[in-house]
Amino acid sequence: MLELSAKTNLLEENDYRYSLQDVKDPVLYRDVYNYDEVPKVAFNHRRVPTSMPADIWITDTSFRDGQQSMNPYTPEQIEHLFKLLSKLGGPYGLIRQTEFFIYSKRDREAIERCQALGLRFPEITTWIRATREDFRMVKDLGIKETGILVSCSDYHIFKKMQMTRRQALDYYLATVKDAFDAGVMPRCHLEDITRADFYGFVVPFVNELMELSHQAKIPVRIRACDTMGYGVPYTEVALPRSVPGIVYGLQHYSGVESEYLEWHGHNDFCKAVANAATAWLYGASGVNCSMLGIGERTGNVPLEAMVFEYASLRGSLDGMDPTAITEIADYFEHEIGYHIPPMTPFVGRNFNVTRAGIHADGLLKDEEIYNIFNTEKLLDRPAAVAISKTSGLAGIAYWINQNYRLRSDHQLSKHDALVEKLKVWVDEQYAGGRTTALSNEELEEKIAELSGGVLKPRH
């Protein structure tokens with residue numbers, strides 16, 4: 001049958017419907033996932049078109065997936081971070097949703113605190129056990145959407161759940177019906193989709209979900225979960241690892257509209273950000289992230305990274321306030337006690353700090369030479385240098401100008417007498433066997449001495 005596609009405005013064939021393949025033995029893709037070898041990337045040279053939605057956004061899982069990998073946050077901490085998420089997302093809600101547990105009294109207190117703030121964004125959603133009691137609890141809390149687990153690979157169906165595909169599908173559909181009966185919109189987490197039989201289970205299952213959704217007149221959100229970080233963003237990669245193929249297939253063969261399609265990735269193979277951006281490019285409106293990338297094993301997609309990925313792809317932050325990223329990082333370090341690795345992009349202590357003398361010389365002449373963008377304007381984090389044995393005169397001059405916030409007409413050059421004296425002292429430190437960078441306090445104390453008290457510590 002030919003139908004005019006509302007998405008492409010072209011006549012397209014729509015006469016084939018994928019059926020569940022209820023196999024006797026699990027399909028484990030051992031040619032790709034041989035457990036004793038590094039997973040392989042197979043190509044089939046099939047291309048799918050890029051199709052970025054008109055609207056894209058970020059969703060957050062810090063209070064769900066993020067909490068599973070560290071000490072639980074207090075309700076007070078969640079409330080504070082929730083406010084920062086709202087500030088970061090801006091007036092248009094580009095941080096669209098964030099999800100919570102509801103199991104304990106403490107979980108529910110955190111939800112009630114955030115609800116009481118009266119903020120439009122991020123919308124509060126939940127993650128629950130798939131029981132009728134939990135669906136009722138979600139409804140009673142006034143929450144419209146909840147996540148439920150629908151594992152879709154044979155690793156999970158056969159090995160963990162010890163079911164057949166048909167049994168799993170029937171169980172999942174019954175669970176979704178319970179959500180609809182409670183008047184709750186289900187968000188179906190297709191766990192381990194990058195090891196799943198896409199046409200033999202995923203597409204037939206999602207087709208059934210979409211049919212139930214139409215009957216209930218309640219939308220269903222599909223979250224494609226790259227649980228083990230196996231997804232690959234390259235074009236022409238074969239399923240099940242192809243991120244473009246998964247997103248295209250869910251739209252083209254199951255009719256999932258962009259606004260109800262979301263990507264959830266992990267960073268086991270350092271591809272989390274690239275995979276999430278690829279999901280946007282090929283048709284998913286939502287990408288699910290966590291603050292600082294905190295999550296299971298190697299972590300989730302870092303939320304702060306996708307803020308800048310959004311701006312790169314759209315050409316604008318569209319109202320997002322990235323200075324909130326620095327506030328989030330400071331809160332994690334100073335209030336929660338979480339150590340951010342210093343080289344972490346955008347949030348690490350050293351992400352825009354250089355120790356190399358030649359780089360510092362460039363910064364002294366024009367910071368744009370060695371800084372990724374105006375980090376002072378966008379992140380409230382001016383470019384900086386750390387003083388070590390490789391810093392040189394330029395590095396010392398730049399450090400003094402930045403640390404003491406000297407205006408352009410009072411800034412020191414690398415030939416200033418104070419800079420040269422301090423360089424002699426720095427060299428003496430390392431000649432004596434020192435291996436670590438000099439602290440701000442050490443430098444400020446010495447500068448006060450060498451300047452005769454003209455430059456005093458700012459603290």
Side-chain angles (χ1 to χ4, degrees), residues 56-63 65-66 69-70 77 80-90 94-96 98 122 229 233 263-267 269-280 286-295 298-356 359 363 367-386 402:
I56 59 174
W57 55 77
I58 297 165
T59 62
D60 175 72
T61 187
S62 300
F63 309 133
D65 206 335
S69 62
M70 60 184 295
Q77 290 169 341
H80 187 82
L81 290 170
F82 185 86
K83 288 188 285 188
L84 289 176
L85 282 174
S86 183
K87 177 182 178 180
L88 174 58
L94 294 180
I95 311 296
R96 184 66 54 90
T98 184
W263 178 263
H264 171 96
H266 283 263
N267 202 36
F269 292 89
C270 299
K271 292 186 176 70
V273 172
N275 285 339
T278 298
W280 269 342
V287 295
N288 188 234
C289 308
S290 71
M291 289 179 279
L292 312 184
I294 297 170
T298 58
N300 294 73
V301 180
L303 181 141
E304 62 277 5
M306 296 313 295
V307 167
F308 290 108
E309 196 71 16
Y310 178 100
S312 296
L313 293 170
R314 294 293 194 172
S316 170
L317 284 161
D318 289 337
M320 286 189 285
D321 182 355
T323 63
I325 291 171
T326 300
E327 294 182 67
I328 289 168
D330 288 345
Y331 191 79
F332 267 90
E333 290 229 297
H334 300 130
E335 299 297 328
I336 296 176
Y338 177 80
H339 172 66
I340 302 173
M343 292 182 290
T344 305
F346 310 122
V347 293
R349 185 176 68 251
N350 293 336
F351 100 92
N352 64 343
V353 174
T354 183
R355 286 180 169 81
H359 291 182
L363 286 173
E367 74 169 44
E368 190 174 351
I369 297 171
Y370 281 113
N371 203 25
I372 58 173
F373 50 65
N374 189 339
T375 55
E376 183 170 16
K377 175 185 176 182
L378 295 177
L379 286 166
D380 196 21
R381 290 276 303 272
V385 297
Q402 286 292 320

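Smallest separation of non-hydrogen atoms from P342 and H339: CD-NE2, 4.1 Å. The minimum heavy-atom distance between E304 and G293, with the atom names listed, is OE2-N, 4.2 Å. Here the shortest heavy-atom pairing between K271 and P233 reads CD-CD, 3.8 Å. Across N267 and A272, no two heavy atoms sit closer than the pair OD1-N, 3.1 Å. The two atoms that bring T344 and P341 nearest to each other are OG1-O, 2.7 Å, heavy atoms only. Considering every non-hydrogen atom in both R349 and R381, the closest pair reads O-NH2, 3.4 Å.
Ring-plane geometry between W280 and Y310 is classed as perpendicular, the angle between the planes exceeding 60 degrees on a 0 to 90 degree scale with a lower cut at 30. Taking the six-membered ring for Trp and thresholds of 30 and 60 degrees, H80 and Y331 have nearly parallel ring planes, at less than 30 degrees apart.
Summarising the geometry, atom OG belonging to S312 is positioned 9.0 Å from atom CG belonging to L317; distances are rounded to the nearest 0.5 Å. The distance from atom OG1 of T326 to atom CG of L84, rounded to the nearest 0.5 Å, is 11.0 Å. The structure places CG of L292 at 8.5 Å from CD1 of I336, a figure rounded to the nearest 0.5 Å. Note that OG of S62 and CG of N300 are 8.0 Å apart. Values are rounded to the nearest 0.5 Å. We find the CD1-CE distance between I95 and M291 to be 9.5 Å, quoted to the nearest 0.5 Å. How far OG1 of T323 is from CD1 of I328: 9.5 Å, rounded to the nearest 0.5 Å.
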- Message: side chain to side chain contact (heavy atoms under 4.5 Å, CB included) for L88 and L303? Distances and angles first, verdict last.
- Response: CA-CA 10 Å; L88 174 58; L303 181 141; 3.3 Å; yes

- Quick one: do L85 and F63 satisfy side chain to side chain contact (heavy atoms under 4.5 Å, CB included)? Show the steps, please. CA-CA 12 Å; L85 282 174; F63 309 133; 4.1 Å; yes

- Query: Yes or no on side chain to side chain contact (heavy atoms under 4.5 Å, CB included) for F346 and V307, after CA distance, side-chain angles and deciding distance?
  - Reply: CA-CA 11 Å; F346 310 122; V307 167; over 6 Å; no

- Message: What verdict does the side chain to side chain contact (heavy atoms under 4.5 Å, CB included) test give for V287 and E309, after you've listed the backbone C-alpha separation in whole Å, the side-chain angles of each residue and the deciding distance to 0.1 Å?
- Response: CA-CA 11 Å; V287 295; E309 196 71 16; over 6 Å; no

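Checked for salt-bridge contact, K87 and E327 meet the test: a charged N lies under 4.0 Å from a carboxylate O.
Using a 4.5 Å heavy-atom cutoff, the side chains of F332 and I294 are in contact. At least one side-chain heavy atom of L379 sits less than 4.5 Å from a side-chain heavy atom of F373. In this structure, the side chains of P302 and S290 stay at 4.5 Å or more apart for every pair of heavy atoms. The shortest side-chain heavy-atom distance between I340 and F351 does not fall under the 4.5 Å cut-off.
If you check the side chains of T375 and N352, you find a donor sitting under 3.5 Å from an acceptor.
Residues satisfying the ring-ring contact (aromatic ring centres under 6.0 Å, His included) criterion with F269, sequence neighbours excluded, are Y230.
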